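The structure appears right after this line, and notes come after that.
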Amino acid sequence: MDNNDIILKSRDFFGSTTSEDLEQSYYDICEFYKIPCEKEINWEEEEFVFNRLFVGPAAPLAPMVASAYLDPEARIHGVTTTDVRTFYYELGLTLENEGKEPEDSLLHELSICSYLSQTAKIKPECRDIYNKFLKFHFFLWVPEFISRALNNAGDSVAVSKVLNLFSDWIIRETNKLLEGVL
């Protein structure tokens with residue numbers, strides 16, 4: 001199972017904007033993991049749960065932005081966003097539509113994880129950067145994000161399953177990091 005595929009499939013799921021996107025992404029993930037997926041899912045209900053947790057229109061219960069977990073005042077576009085933006089600049093990277101969506105959003109951070117993971121295959125020094133990004137930033141907020149989402153996911157089938165798979169990946173990556181095999 002390629003680590004980068006897990007990162008990208010997770011990014012695609014959390015980047016869904018419609019119930020059709022969620023459904024397609026969910027079935028792609030089930031196929032990728034070779035796990036059974038429920039056939040009788042109410043996708044409108046899943047979209048409602050997804051929006052309630054991550055998007056809005058009310059304040060999301062589990063915002064997909066590091067600032068919500070790491071900033072003392074949970075201020076989006078605050079210090080954490082600036083720190084992540086600086087990190088991207090140091091790598092020589094910029095985002096399209098800079099400043100529109102926070103640089104510390106889960107979607108951007110999964111893209112950076114993918115970039116660093118892939119680049120490390122040809123530039124070994126990127127492995128250390130990837131590990132530090134995970135250890136000193138990503139792992140500091142994503143477990144809380146997953147916990148909040150799972151605690152508020154209600155009877156969701158697909159969103160809960162993907163959150164659990166994402167949590168499993170975080171645990172595996174953490175263990176690899178602790179064992180020094182990342």
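A quick note: this is a predicted structure, and the numbers were derived from the prediction, not measured.
- The salt bridge (Lys or Arg N to Asp or Glu O under 4.0 Å) pairs that include a residue from residues 76-95 are Arg85-Glu103, where partners are two or more places apart or lie in different chains.
- If you take CD1 on Ile35 and CD1 on Ile29, they are separated by 8.5 Å, rounding to the nearest 0.5 Å.
- The cluster map of Ile, Leu, Val, Met, Phe, Trp and Tyr, joined by side-chain heavy atoms under 4.5 Å apart, puts Tyr115 and Phe139 in the same cluster.
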>> Let's go through Trp141 and Thr80 carefully: what are the C-alpha distance in whole Å and the side-chain angles of both, what is the deciding distance for side chain to side chain contact (heavy atoms under 4.5 Å, CB included) to 0.1 Å, and is it a yes or a no?
In response: CA-CA 11 Å; Trp141 73 275; Thr80 301; over 6 Å; no
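- Scanning all heavy atoms of the two residues, the minimum distance from Ala68 to Arg148 falls at O-NH2, 4.0 Å.
- For residues 159-170, every residue pair satisfying the salt bridge (Lys or Arg N to Asp or Glu O under 4.0 Å) rule, not counting sequence neighbours, is listed here: Glu38-Lys161.
- To the nearest 0.5 angstrom, Asn3 atom CG is 8.0 Å from Arg172 atom CZ.
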> Yes or no on side chain to side chain contact (heavy atoms under 4.5 Å, CB included) for Val159 and Phe54, after CA distance, side-chain angles and deciding distance?
Replying inline: CA-CA 11 Å; Val159 172; Phe54 310 126; 4.2 Å; yes
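- Remark: the Asn4 side chain and the Ser117 side chain contain no N/O donor-acceptor pair separated by less than 3.5 Å.
- Atom CD1 of Ile171 and atom NZ of Lys176 lie 13.0 Å apart (nearest 0.5 Å).
- Applying the 6.0 Å contact sphere to OH of Tyr88 captures more than 12 heavy atoms from other residues, nucleotides or ligands.
- In this structure, Glu144 places its CD atom where more than 12 heavy-atom neighbours from other residues, nucleotides or ligands lie under 6.0 Å away.
- Closest approach of Leu116 to Leu91, counting heavy atoms only: CD2-CD1, 4.1 Å.
- Think of Phe136 as one node in a network of Ile, Leu, Val, Met, Phe, Trp and Tyr side chains linked at under 4.5 Å; it has no links at all.
- To the nearest 0.5 Å, atoms OG1 (Thr81) and NE2 (His108) are separated by 10.0 Å.
- Sorted by first then second residue, the side chain to side chain donor-acceptor pair (under 3.5 Å) pairs that include residues 42-54, not counting sequence neighbours, are Glu46-Ser156.
- To the nearest 0.5 Å, atoms OH (Tyr89) and OG1 (Thr94) are separated by 7.0 Å.
- Contact record, Ser16 with Phe50: O-CE2, 3.5 Å, taken as the closest heavy-atom pair.
- Between Ile6 atom CD1 and Tyr33 atom OH the span is 4.0 Å, to the nearest 0.5 Å.
- Between Phe14 and Phe166, the ring centre distance stays below 6.0 Å.
- In this structure the side chain of Ser105 never reaches within 4.5 angstrom of the side chain of Met64, judged on heavy atoms.
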>> side chain to side chain contact (heavy atoms under 4.5 Å, CB included), that's the test. Do Ser111 and Leu107 meet it? Break it down for me.
In response: CA-CA 6 Å; Ser111 292; Leu107 304 180; 5.7 Å; no
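- The hydrophobic clustering, which links ILVMFWY residues whose side-chain heavy atoms are closer than 4.5 Å, places Ile170 and Leu140 together.
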>> Applying side chain to side chain contact (heavy atoms under 4.5 Å, CB included) to His137 and Phe87, what does each step give before you reach the verdict?
In response: CA-CA 11 Å; His137 177 75; Phe87 173 72; over 6 Å; no
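- The minimum heavy-atom distance between Pro63 and Phe145, with the atom names listed, is O-CD1, 3.5 Å.
- Hydrophobic clustering of Ile, Leu, Val, Met, Phe, Trp and Tyr side chains at less than 4.5 Å, counting indirect connections, keeps Leu163 apart from Val65.
- Among residues at least two apart or in separate chains, there is no salt bridge (Lys or Arg N to Asp or Glu O under 4.0 Å) pair with a member in residues 7-29.
- Considering every non-hydrogen atom in both Ser160 and Ala153, the closest pair reads OG-CB, 3.4 Å.
- The salt bridge (Lys or Arg N to Asp or Glu O under 4.0 Å) pairs that include a residue from residues 111-125 are Asp2-Lys121, where partners are two or more places apart or lie in different chains.
- Across every non-hydrogen atom of Asp71 and Gly78, the tightest pair is OD2-CA, 3.6 Å.
- Ser147 places no side-chain N or O within 3.5 Å of a backbone atom of Pro143 that could act as its donor or acceptor partner.
- Hydrophobic clustering places Ile146 together with Phe13 (ILVMFWY residues linked when any side-chain heavy atoms are closer than 4.5 Å, directly or through intermediates).
- Note on Ile129 and Ile112: same hydrophobic cluster, where clusters join Ile, Leu, Val, Met, Phe, Trp and Tyr whose side-chain heavy atoms are under 4.5 Å apart, directly or indirectly.
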